[in-house]
Amino acid sequence: MSRRLATEIAGLKLANPTMLAAGILGLTGSSLRSVVEAGAGAVVTKSLGLKPREGYPNPTVVQVDCGLLNAMGLPNPGVRHFGEEIKEVKETGVPVIVSIYAFSSEEFAKAAEVAVGVGADALELNVSCPHVEETGAEIGSDPELVTKVVRKVKNKVDKPVFVKLTPNVANIVEVAKAAVEAGADAITAINTVRAMAIEIETTRPLLANKIGGLSGPAIKPIAVRCVYEIYREVDVPVIGCGGITDWRDAVEFMLAGASAVQIGTAIAFKGLGVFKSVTRGIDAYVGKKGFGSVKDIVGLAQNF
Ligand code: RRO
């Protein structure tokens, strides 16, 4: 792997700027390990809470034009039970970011403490799930609540804290600024876009939960806009997420201001080979443009 690709996010050293996005292949040590072996620079777990949760009934994922629609409903075994899983992937030396969710700032702080206790190298606070009540976007739509959550977590743990934001707000920059002022070490933009699909013969909504989150190429321009707007207003790294399917998408996000990119839905469509093809493509682009490091292209589109 080329040295041009090496980067650093909030003190975490990454061999390349790709990460596994939360929510896919993130529930077991062996699946996380397979993502590392496929070439990801870091991995993010499925969102974990203090208590195990079953999630919503099926169907929880449906394919739509240019993407996936999901309402999983936060199924997870609970962060305490993740210790054994995390051990397996930590052996690789690749940073493991544990995504956590909670229903209050106090609970977020507790979940953060447990996550660090089981070996998290960093945390990603999920304040952006679009369809579970009293958590996710219900917290992440209110800058004051975000401030409270981030402050409590930062007071409790000594690891980098990323905050993953929802695009389902009028002003995402305001929420990003609140997170950073409260101590966030990086911003991940974006979680899924609130959406739905209806099967016209049966007249039924396709998801059991009716409404869910849209991911994949359909949301890429929304995500690029969010990264672009956030980058100019905060002084911490922005991690791009939303529809990255090939190296051109990754470069586009980096030009907008992303220091790294997260890949999720593309794994479902293209398989794990996507990590190597994206990193090779970024490396070739950086070289062709005459830069010495992938860091040199971050935010270049801001110059116009
Ligand atoms: O589990 C889910 O249904 C889910 C979560 Br936690 C999230 O953050 N985003 C999403 O699209 N689905």
Side-chain angles (χ1 to χ4, degrees), residues 1-10 12-26 31-44 65-68 92-95 97 162 164 186-190 192 215-228 230-231 237-304:
M1 213 31 99
S2 158
R3 285 169 68 177
R4 273 197 295 253
L5 287 167
T7 194
E8 201 179 309
I9 308 284
L12 299 181
K13 290 194 181 352
L14 273 63
N16 71 72
T18 66
M19 299 183 184
L20 173 70
I24 177 161
L25 297 178
S31 62
L32 286 163
R33 205 179 165 116
S34 65
V35 177
V36 168
E37 282 158 7
V43 290
V44 186
D65 289 345
C66 303
L68 292 177
T92 63
V94 163
I97 300 143
F162 304 178
K164 187 166 181 178
I187 296 291
T188 305
I190 56 176
T192 52
S215 62
I219 70 167
K220 193 188 78 172
I222 299 173
V224 170
R225 182 269 300 170
C226 289
V227 168
Y228 180 85
I230 293 166
Y231 176 85
V238 183
I239 301 158
C241 181
I244 294 144
T245 302
D246 64 24
W247 68 266
R248 290 179 186 81
D249 301 326
V251 165
E252 188 179 349
F253 270 85
M254 297 185 87
L255 296 175
S259 295
V261 294
Q262 295 184 347
I263 300 177
T265 300
I267 299 169
F269 290 124
K270 298 175 83 170
L272 282 172
V274 66
F275 285 99
K276 287 240 163 75
S277 61
V278 167
T279 48
R280 279 199 200 107
I282 298 172
D283 188 39
Y285 175 87
V286 171
K288 187 184 76 183
K289 291 286 183 188
F291 294 113
S293 163
V294 74
K295 295 177 205 160
D296 298 333
I297 68 165
V298 174
L300 287 181
Q302 302 277 349
N303 297 329
F304 297 92

Nearest heavy-atom approach of Y228 to Q302 is O-NE2, 3.0 Å
d(I239 CD1, I190 CD1) to nearest 0.5 Å is 14.0 Å
Any heavy-atom pair between the side chains of I297 and K289 that's under 4.5 Å?
no
Nearest heavy-atom approach of F162 to T188 is CB-OG1, 4.0 Å
For A21, the side chain to side chain contact (heavy atoms under 4.5 Å, CB included) test, sequence neighbours excluded, returns C241, Q262
Exercise. Carefully, step by step, assess R33 and E37 under the rule salt bridge (Lys or Arg N to Asp or Glu O under 4.0 Å).
Key: CA-CA 6 Å; R33 205 179 165 116; E37 282 158 7; 3.4 Å; yes
* To do: Answer whether the closest heavy-atom distance between the side chains of V298 and Y231 falls below 4.5 Å.
  => yes
Value for NZ (K164) from CD1 (I97), rounded to nearest 0.5 Å, stands at 11.0 Å
Donor-acceptor check, side chain of D246 to backbone of D249, threshold 3.5 angstrom: yes or no?
yes
* Answer whether the closest heavy-atom distance between the side chains of L25 and L272 falls below 4.5 Å. => yes
(message) Could you walk me through whether N16 and F275 satisfy the side-chain contact (heavy atoms from CB on, under 4.5 Å) test, starting with their C-alpha distance in whole Å, then the side-chain angles of each, then the deciding distance to 0.1 Å, before giving a yes or no?
(response) CA-CA 10 Å; N16 71 72; F275 285 99; 5.9 Å; no
Nearest heavy-atom contact between A266 and V274 is CB-CG2, 4.2 Å
A42 and V94 have their tightest heavy-atom pair at CA-CG1, 3.6 Å
Kindly indicate whether the side chain of L14, heavy atoms from C-beta on, has any atom under 4.5 Å from the side chain of P95.
yes
Worksheet item: Side chain of D283, backbone of L5: donor and acceptor closer than 3.5 Å?
Response: no
**Message:** I want to check something: taking the side chain as every heavy atom from C-beta on, are S293 and D296 in contact at a cut-off of under 4.5 Å?
**Reply:** yes
Note to self: Quick one, F253 and I244 - any side-chain contact, counting heavy atoms below 4.5 Å?
What the structure shows: yes
Smallest heavy-atom separation, V278 atom then W247 atom, equals O-CB, 3.5 Å
I219 and G242 have their tightest heavy-atom pair at CD1-CA, 3.9 Å
